[in-house]
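Structure, as structure tokens:
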Amino acid sequence: MSLLVQKYGGTSVGTVERIQAVAKRVAAERARGHDMVVVSAMSGETNRLLALARAVHPNAPPREVDVLLATGEQVTIALLSMALEELGCPARSYTGAQVHIRTDSVHGRARITAIDDGRVRQDLSSGRVVVIAGFQGVDEGGNITTLGRGGSDTTAVAMAAALRADECQIYTDVDGVYTTDPRVCPQARRLERITVEEMLELASLGAKVLQIRSVEFAGKYRVPLRVLSSFDDGPGTLITYEEPKMEQALISGIAFSRDEAKLTIKGVPDEPGVAYRIVGDVASANINVDMIIQNVGADKTTDFTFTVPRADYRQAREILEKTADALKAREVQGDERIAKISVVGVGMRSHAGIASTMFRVLGEEGINIQMISTSEIKISVIIEEKYLELAVRALHSAFGLDAEAAAAVPLA
Ligand code: ADP
Ligand code: ASP
Ligand code: MG
């Protein structure tokens, strides 16, 4: 008998009617084989809980924030199981801790370290649908942890890996992975398939359709993974593990992120150890430094610029002011209104000129590039946030990704 793991995101279980619709879909699937379901909290719920925490304590203890946030998913597992029972489909709900989704102890962004699937297997073999709360686990000390925003995707893929499921299906409010976020670019096109490598880049560069860690898990355990719509039927997008074909498009997708802020420290001594000092101070506060540039100094001093997640901007700036005093730097500048935009494609490996096309298009739109970073299959730039949507659309069209352009290509 086949085994599916299906995950339904926040919008898919956002109302009682939608939960009932999910129950119908699940009950129909169970008639064909075993089914395990992972659900998110109702859309908006996790944000509502976070706001409550902030109202009580501006800097709430992460352990307690996790206890609070985990309740969102507990509501939906119970409601979905009830809806299934109402349809005559035997079901049982479990929290992450109850099915032993073991994680490390990093509250707010814990990593799954082990899953004991005994209880789940028992229920499945006795014909029940098992409904599991996404986004949460339990650490060695028995403390509830959460896996970071969007973490239900990771619960689903990790479960599918542990159970060796035939497929892990991520049901969401779009009918697959698109060339870019269809909310920002109406010309975006659904991809039939995407390589796991490209999906990893897109997810890490801001395409929130799959949480990055879920893609990492999928890649590590080769989990058959598909993204589909919970509202329409359709094949969705399959994540593939094979080598890309020769005729692979140059660019598969464009990702972007507003979750960026930039800091510059000016007039630091141009000598060994200074870069380490600057980045080291920020990194010791557990703040991720992403893009970095250092200008060539003329007068034995140099300027050093880097980006951090926007949520960490204030703290990073405070740290940098102290470093600046210690290094006798000229000044510290910051900018929170920036965005990162990235073009991704395995086709880049064998083709030159992608960067120059990207820079030309942005130049023609009058958009200034503030920072650049590249890897084998992606190019990212930092621009002023207000130009983000314009840049996404212009690049989407210039790289031939637009839906109309694709339809216009004559079929062989
Ligand atoms: P869920 O609550 O189901 O987990 P998310 O909001 O986390 O849903 O993810 C789905 C959203 O991801 C879509 O509504 C879309 O706006 C956004 N998105 C960003 N980039 C892409 C992309 N390349 N393809 C599809 N959706 C994308
Ligand atoms: N409810 C969590 C969130 O909003 C997890 C998820 O939806 O995947 O981030
Ligand atoms: Mg999500």
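Order of listing sets the numbers, starting from 1, for every ligand and every atom in it. Here the structure is a predicted model, which means the values were calculated and not measured.
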*asked:* Could you check whether any heavy atom of G134 sits closer than 4.0 Å to an atom of ligand 2, since that is the contact criterion I want to use?
replied: no
- Message: If the contact criterion is a heavy-atom separation under 4.0 Å, does G72 count as touching ligand 2?
- Response: no
In ligand 2, the atoms that come under 4.0 Å of a heavy atom of S40 are 6 (C), 7 (O), 8 (O)
Does D173 reach ligand 1 with a nitrogen or oxygen that is under 3.5 Å from one of the ligand's nitrogen or oxygen atoms?
-> yes
Atoms of ligand 1 under 4.0 Å from any heavy atom of A207, numbered from 1 in the order shown, are 20 (N)
**Message:** Between D281 and R277, does any side-chain N to carboxylate O distance fall below 4.0 Å?
**Reply:** yes
Which of V67, L69, V106 passes side chain to side chain contact (heavy atoms under 4.5 Å, CB included) with T146? It is L69
From the list I383, L205, T180, side chain to side chain contact (heavy atoms under 4.5 Å, CB included) partner of F256 resolves to T180
among protein heavy atoms, the one nearest atom 2 (O) of ligand 1 is G10 N, 3.1 Å
- prompt: Below 3.5 angstrom, do we get any N/O pair linking G150 and ligand 2?
  reply: yes
Going by the 4.0 angstrom heavy-atom rule, the piece of S152 near ligand 2 is both
| query | Any N or O of D181 that comes nearer than 3.5 Å to an N or O of ligand 1? | reply | yes
Within a strict 4.5 Å, meaning less than it, do heavy atoms of the E198 and V177 side chains meet? no
Which of D233, D35, D232 passes salt bridge (Lys or Arg N to Asp or Glu O under 4.0 Å) with R25? It is D233
the protein heavy atom lying closest to atom 23 (N) of ligand 1 turns out to be Y178 O, 3.0 Å
In ligand 1, the atoms that come under 4.0 Å of a heavy atom of K7 are 4 (O)
- Quick one: does R337's side chain have a donor or acceptor within less than 3.5 Å of a partner on K386's backbone? no
heavy-atom search around atom 1 (P) of ligand 1 in the protein gives T172 OG1, 3.5 Å
Query raised in the report: So is G176 close enough to ligand 1, meaning a heavy atom under 4.0 angstrom away?
Result: yes
Give a yes or no on whether E64 atom CD has more than 12 heavy-atom contacts from other residues, nucleotides or ligands under 6.0 Å away.
-> yes
Ligand 1 and R183, any nitrogen or oxygen pair closer than 3.5 angstrom? yes
Side chain of R226, backbone of P235: donor and acceptor closer than 3.5 Å?
-> yes
* **Under 3.5 Å: N/O of P182 near N/O of ligand 1** => no
Atom 4 (O) of ligand 2 sits nearest the protein heavy atom R149 NH2, 2.9 Å
Any sub-3.5 Å donor-acceptor pair from D335's side-chain atoms to K262's backbone N or O? no
Are the side chains of H107 and N143 in touch, meaning some heavy atoms are under 4.5 Å apart? yes
Atoms of ligand 1 under 4.0 Å from any heavy atom of V209, numbered from 1 in the order shown, are 9 (O), 12 (O), 25 (C), 26 (N), 27 (C)
Quick look: K208 vs ligand 1, heavy-atom contacts under 4.0 Å, and the answer is both
_Would the distance check show the side chain of T155 and the main-chain N or O of F135 forming a donor-acceptor pair, the cut-off being under 3.5 Å?_
yes
- Compare all side-chain heavy atoms of V209 with those of Y178 and state whether any distance is below 4.5 angstrom. no
Could a heavy atom of L202 be found less than 4.0 Å from some atom of ligand 1? no
In ligand 1, the atoms that come under 4.0 Å of a heavy atom of V177 are 24 (N)
The answer for which part of E73 has a heavy atom under 4.0 Å from ligand 2 is side chain
Practice prompt. State whether the side chain of T307 and the backbone N or O of M291 hold a donor-acceptor pair below 3.5 Å, judged by distance alone.
Written response: yes
